[in-house]
There are 2 protein chains.
Amino acid sequence: MPLDAAENIYRAAIRLFGERGYPSTSMRDISSAVGVLPGSLYTHITSKQALLLQIVENGIQKYLDAVRPLATTAEPADIRLREAIKAHVKVAGDNIQLSLVTFHQWKHLDDETRRRVVGLRNTYQAYFSRIIEDGIEAGILRPMVHPSLAVLAVLGMLNWVPEWFSPSGPATADEVGDHLADVILEGLLEVRPPAAPIDDAAAAANA
Amino acid sequence: MPLDAAENIYRAAIRLFGERGYPSTSMRDISSAVGVLPGSLYTHITSKQALLLQIVENGIQKYLDAVRPLATTAEPADIRLREAIKAHVKVAGDNIQLSLVTFHQWKHLDDETRRRVVGLRNTYQAYFSRIIEDGIEAGILRPMVHPSLAVLAVLGMLNWVPEWFSPSGPATADEVGDHLADVILEGLLEVRPPAAPIDDAAAAANA
DNA sequence: CCTACCGATCGGTAGG
DNA sequence: CCTACCGATCGGTAGG
């Protein structure tokens with residue numbers, strides 16, 4: 001049961017756009033990876049741009065679908081943040097090349113479609129903003145002068161995952177997600193002085 | 001006192017490579033930004049590749065120079081990590097476009113020079129590994145199953161800074177660095193249970 | 001720094 | 001899916 005031609009083209013494009021970047025990948029590169037001559041591609045696709053758009057939108061949708069459920073559930077925000085981080089890492093681990101294209105090549109989309117994709121990226125960012133702001137309001141997360149900086153810290157950490165994650169590496173995506181959530185939630189410090197004395201008896205007992 | 005021609009070309013290339021990417025920037029784009037005809041560029045540079053290499057190596061060196069002093073000082077590792085994060089953010093904030101080219105366009109270098117640049121990137125990563133491993137050994141940072149994951153978390157967060165930092169934004173590079181160091185060192189949780197009971201009297205007093 | 005140009009390669013199409 | 005091809009653009013050079 002061979003893949004149909006359009007699917008073959010789509011997969012070759014993901015790999016090549018990811019390895020060399022969109023502008024450095026020629027339609028001739030894709031056609032020879034698929035095993036047809038360049039002109040034959042255009043029976044199955046309309047243009048190089050449309051191929052990139054299909055890839056990038058599919059990539060973003062996978063992340064949106066995975067994290068959307070965590071954005072608004074009633075669970076405690078720290079648990080939602082941990083699950084959102086794990087969901088992101090799982091999508092990244094299952095779609096490394098797709099993620100590389102999605103995160104790096106969207107800049108080469110035409111003006112109109114690029115604006116739409118930027119909108120989807122902003123929606124994704126808003127999911128994490130919502131979780132973190134909920135957590136601060138509920139007293140579960142630390143109050144911050146600029147909560148958006150925490151969002152950017154989390155997203156930067158997550159955007160970098162497809163660059164180094166390997167399915168054959170020492171940790172599964174689930175384990176990596178947990179460890180990254182530990183870094184974000186608990187920090188790297190071994191001990192942290194309590195924000196305020198818990199009660200006077202405990203303070204006296206420690207003196 | 002006008003900039004000399006080579007400096008003009010270098011600056012225009014940083015801006016254009018950062019905005020459009022290396023493969024999508026033509027020498028004709030650069031020449032018209034500088035105000036000369038395409039062929040005239042080659043009096044001052046040897047090739048498009050050499051121009052990219054000059055930019056990327058200069059970019060990496062700025063980061064190496066800024067963080068190297070923190071890699072080996074005798075100060076506590078948590079302070080060194082905070083200062084390293086702040087040093088990185090300061091370089092990023094002072095060189096946003098240079099950083100964008102350095103972080104994204106090195107993939108378009110020739111095989112040989114790309115290998116050298118990857119070596120410099122690994123050196124940079126080793127600075128952070130050293131600080132975090134020192135911290136764990138000294139009992140200042142939490143023991144971790146995979147300390148390298150913490151390094152990748154920090155570098156991912158930092159690599160993302162040039163994408164969103166603005167000198168005219170609400171926080172200076174110094175403040176952003178402190179806030180990001182807070183996220184990494186202390187985490188986002190408001191309270192954290194102690195790793196182990198401190199003493200029995202305190203536990204009893206809380207019961 | 002300009003004029004004039006080179007061979008190579010690009011995305012895409014007409015016609016079968 | 002192939003043959004054959006189009007106009008545009010590319011990095012770079014010779015000669016002045």
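Labels below follow one simple rule: chain letters A, B, ... track the order of the sequence lines, proteins then strands, and each chain is numbered from 1. What you see is a predicted model, and the numbers here were worked out from it, not measured in a lab.
We find that D65(A) and K62(A) are not joined by a salt bridge, their nearest charged nitrogen and carboxylate oxygen being 4.0 Å or further apart. A salt bridge links K90(A) with D94(A): the distance from a Lys NZ or Arg NE/NH1/NH2 to an Asp or Glu carboxylate oxygen falls below 4.0 Å. A salt bridge does not link E19(B) with K107(A): every distance from a Lys NZ or Arg NE/NH1/NH2 to an Asp or Glu carboxylate oxygen is 4.0 Å or more. At a threshold of 4.0 Å, the pair D134(A)-R80(A) counts as salt-bridged, since one of the basic side-chain nitrogens sits closer than that to a carboxylate oxygen. Ion pair R115(B)/D111(B) not flagged as a salt bridge, since none of the NZ, NE, NH1 or NH2 atoms sits closer than 4.0 Å to an Asp/Glu carboxylate oxygen.
Each of Y124(A), Y63(A), F17(A), W160(A) was scored for a ring-ring contact (aromatic ring centres under 6.0 Å, His included) with F103(A), with one residue passing: Y63(A).
A rotation axis mapping the C1' atoms of four pairs onto the next four is fitted at both ends of the helix from dC1(C)-dG16(D) to dG16(C)-dC1(D) over five pairs, and the angle between these axes is 0° to 10 degrees.
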Subject >> Contact pattern, 5' to 3', of nucleotides 2-16 of chain D - B, S or - by protein heavy atom under 4.0 Å >> reply: BS------BBBB---
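Applying the side-chain hydrogen bond (donor to acceptor under 3.5 Å, both in side chains) criterion to H104(B), with sequence neighbours excluded, gives E163(B).
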